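Shown next, in structure tokens, is the structure this report addresses.
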Amino acid sequence: MEKIAMKTPLVEMDGDEMTRILWKMIKEELILPFVDLKTEYYDLGLAKRNETNDQITVESAQATKKYGVAVKCATITPNAARVKEYNLKEMWKSPNGTIRAILDGTVFRAPIIVKGIEPNVRTWKKPITIARHAYGDVYKSVEMKVPGPGKAELVFTGRDGAEMRETIQEFQGPGVLQGMHNLNSSIESFARSCFSYALDTKQDLWFATKDTISKKYDHTFKDIMQEIYDAEYADKFREAGITYFYTLIDDAVARVMKSEGGYIWACKNYDGDVMSDMISSAFGSLAMMTSVLVSPDGCYEYEAAHGTVQRHYYKHLNGEETSTNSVATIFAWSGALRKRGELDGLADLAAFADRLEAATISTIEEGKMTKDLALITTLPNVTVLNSEGFIKAVREKLETGEQA
Ligand code: NAP
Ligand code: MG
């Protein structure tokens, strides 16, 4: 069989622990036998990040800007324990944070739907994709504990010295205070990433805030989204047959719970943090969530939403068998290959991505799955496979070509 050709390389970002093991297996079993794979390889494993003073992460993000599509393995975000474990020079920052800052992108998370892993919400038939604005608000706030009576004010001093001043509260006793901010430029990038991704995936876009209460702060989010939509996207949405829908956050939550799914739900930072955990757990499993970072100028970085599955890695190092779910990492590869195929006009590369996803899904739907899914499936007569066994079962499906 002739291998499928590529034009432009994918930016390949390797990672850590159990997902690094899966990464190699996926490439060897599911990609290399079928695709004449072209990648520009960046090792974002913690040892290499430490060795290069984290320059490798910056370079991988710059390469993503250059080529447009990256696929990333999960990576360790160091904490004190990791600094010791890996004898790090510094507590390097989260690679995802570094890459997101360079690409100025928004992360879209969507569940992979298979028969037999049923969402807890009965009406959900299609994936709900969460887009989280990942800048500012309470995540960059300044807080104070007020010790006793006194006046709290909000003061802005312009570069020219002009002052704006509002009384927050005349405290009669102790209390708490918080000051937070956001930037129009960041909200604009978020808006463009959301509208582009909606067009790209042909899904409606929902956005919600509490603008009835927050008449300046949240209202600015609402206004910027609407202005950019009207000026740059309304016609394209009409042509694509999709809609942009704004509502209040509490109304959005109520509608989501009664919906069928199949749309993108754009959220402010805090709402996105909370709602993405609700959506992923209600769809069944963190191991079945995909994640893609989309920059406002149309660069894509695909990955699994879960981490490096450390506990399984230590079992693996001990020579014990693991049953780690590789589905989200497989879908990171298929997402990146499909996007590369679309951008380069390679229909067979995009078709291969479809086949890889269909083979993965039908393997599970036939009852062959890893332990995490076996524990929650409604399918009878399940065969629990180990990490490698599952990937080999998908390979077999790909080769025989008979997919559901
Ligand atoms: P995790 O790797 O997502 O794993 C947490 C637990 O969830 C696992 O112990 C496992 O449960 C289950 N799980 C997650 N993915 C699974 C899979 N593919 N197959 C089967 N079970 C799966 O989160 P963590 O243990 O909190 O974090 C480990 C490391 O990952 C940390 O160093 C963190 O910094 C990093 N991290 C990276 C990213 C990223 O690169 N995007 C995201 C999150 C975390 P059981 O143990 O019960 O089987
Ligand atoms: Mg969270």
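Whatever order the structure lists ligands and atoms in, that order sets their numbers, starting from 1. Start at 1 with the first residue, then count along the sequence. Atoms considered below: every heavy atom in the structure, side chains included; atoms not considered: hydrogens, waters and symmetry mates. Computed from a predicted structure; not experimentally measured.
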(Q) Below the 3.5 angstrom mark, is there an N/O of Glu17, backbone or side chain, next to an N/O of ligand 1? (A) no
(Q) Would Val309 count as a polar contact of ligand 1, with the cut-off being nitrogen or oxygen pairs under 3.5 Å? (A) yes
(Q) At under 4.0 Å between heavy atoms, is it the side chain or the backbone of Thr329 that contacts ligand 1, or both, or neither? (A) neither
Q | Working for side-chain contact (heavy atoms from CB on, under 4.5 Å), residues Glu17 and Tyr314 | A | CA-CA 8 Å; Glu17 298 195 311; Tyr314 281 94; 3.7 Å; yes
Q) Any side-chain heavy atom of Leu293 sitting closer than 4.5 Å to one from Arg100? A) yes
Q) Which residue and non-hydrogen atom of the protein lie closest to atom 7 (O) of ligand 1, and at what distance in Å? A) Leu286 CD2, 5.0 Å
(Q) Here's a test for you: under ring-ring contact (aromatic ring centres under 6.0 Å, His included), which of Tyr135, Tyr217, Tyr139 qualifies with His181? (A) Tyr135
Q.
Can you check atom 1 (P) of ligand 1: any protein non-hydrogen atom closer than 4.0 Å?
A. yes
Q. Using the benzene-type ring in the case of Trp, are the ring centres of Tyr270 and His133 under 6.0 Å apart?
A. no
Q. Any protein heavy atom under 4.0 Å from atom 43 (C) of ligand 1?
A. yes
Q | contact_flag Lys72 ligand 1 heavy-atom lt 4.0 Å | A | yes
Q.
If the cut-off is 4.0 Å to any non-hydrogen atom of Ala74, which atoms of ligand 1 fall inside it?
A. 40 (O)
Q) So do Arg340 and Lys38 actually touch side chain to side chain, heavy atoms under 4.5 Å? A) no
Q) Nearest to atom 30 (O) of ligand 1, what protein heavy atom do you find, and at what distance? A) Thr308 N, 3.0 Å
(Q) Are Thr19 and Val309 packed together at the side-chain level, in the sense that at least one heavy-atom pair is separated by less than 4.5 angstrom? (A) yes
Q) Got the closest protein heavy atom to atom 35 (C) of ligand 1, with its distance? A) Thr75 O, 3.4 Å
Give every donor-acceptor pair under 3.5 Å between a side-chain atom in residues 7-16 and any protein atom, sequence neighbours left out.
| unit_1 | atom_1 | unit_2 | atom_2 | d |
| --- | --- | --- | --- | --- |
| Lys7 | NZ | Asp344 | O | 2.8 |
| Thr8 | OG1 | Asp344 | OD1 | 3.2 |
| Thr8 | OG1 | Asp344 | OD2 | 2.8 |
| Glu12 | OE1 | Lys27 | NZ | 3.2 |
| Glu12 | OE1 | Thr39 | OG1 | 2.9 |
| Glu12 | OE2 | Trp23 | NE1 | 3.0 |
| Glu12 | OE2 | Lys27 | NZ | 2.9 |
| Asp14 | OD2 | Tyr41 | OH | 2.7 |
| Asp16 | OD1 | Leu46 | N | 2.8 |
| Asp16 | OD2 | Arg49 | NH2 | 2.8 |
| Asp16 | OD2 | Ile76 | N | 2.9 |

Q: In sequence, state the C-alpha distance, the side-chain angles, and the governing distance for Glu365 and Lys115, and then conclude on salt bridge (charged side-chain N to carboxylate O under 4.0 Å, His left out).
A: CA-CA 6 Å; Glu365 292 182 344; Lys115 287 192 207 96; 3.7 Å; yes
Q. Heavy atoms of the protein only: does one fall short of 4.0 Å from atom 24 (P) of ligand 1?
A. no
Q | Lys NZ or Arg CZ of Lys339 over Tyr302 ring: under 6.0 Å, within 45° | A | no
Q: Could you see which bit of Arg311 sits under 4.0 Å from ligand 1, with heavy atoms only: side chain, backbone, both or neither?
A: side chain
Q) Please state which protein non-hydrogen atom is closest to atom 14 (C) of ligand 1 and give its distance, to 0.1 Å? A) His306 CB, 4.0 Å
Q. Ligand 1 and Gln310, any nitrogen or oxygen pair closer than 3.5 angstrom?
A. no
Q: Measure the distance from atom 31 (C) of ligand 1 to every protein heavy atom, then report the residue, atom name and distance (to 0.1 Å) of the closest one.
A: Arg82 NH2, 3.9 Å
Q) Between Asp372 and ligand 1, does any nitrogen or oxygen pair lie at a separation below 3.5 Å? A) no
Q. Just which atoms of ligand 1 are under 4.0 Å from any heavy atom in Thr324?
A. 17 (C), 18 (N), 19 (N)
Q) What protein heavy atom sits nearest atom 33 (C) of ligand 1, and how far away is it? A) Thr77 N, 4.1 Å
Q) Has ligand 1 got any nitrogen or oxygen that is less than 3.5 angstrom from a nitrogen or oxygen of Gly307? A) yes
Q: Please identify each residue that fulfils ring-ring contact (aromatic ring centres under 6.0 Å, His included) with His312, with sequence neighbours left out.
A: none
(Q) Determine whether any protein heavy atom is located less than 4.0 Å from atom 27 (O) of ligand 1. (A) no
Q. Is the closest N or O pair between Asn325 and ligand 1 shorter than 3.5 Å?
A. yes
Q. Less than 3.5 Å between some nitrogen or oxygen of Ser323 and one of ligand 1, yes or no?
A. no
Q: Distance to 0.1 Å, residue and atom name: give those for the protein heavy atom nearest to atom 11 (O) of ligand 1.
A: His312 NE2, 4.3 Å
Q | Nearest non-hydrogen protein atom, atom 17 (C) of ligand 1 | A | Ala287 CB, 3.6 Å
(Q) Determine whether the aromatic ring centres of residues Phe245 and Phe207 are separated by less than 6.0 angstrom. (A) no
Q. Under 4.5 Å between any side-chain heavy atoms of Glu303 and Val71, yes or no?
A. no
Q: Flag the pair Val292 / Val107 as yes when at least one side-chain heavy-atom distance between them is below 4.5 Å, and no otherwise.
A: no
Q | Single hit among Phe190, Tyr263, Tyr197 for ring-ring contact (aromatic ring centres under 6.0 Å, His included) with Phe108 | A | Tyr197
**Q.** Within reach of ligand 1, part of Glu303 (heavy-atom separation under 4.0 Å)
**A.** side chain
Q | Val35 side chain near Lys3 side chain, heavy-atom distance below 4.5 Å | A | no
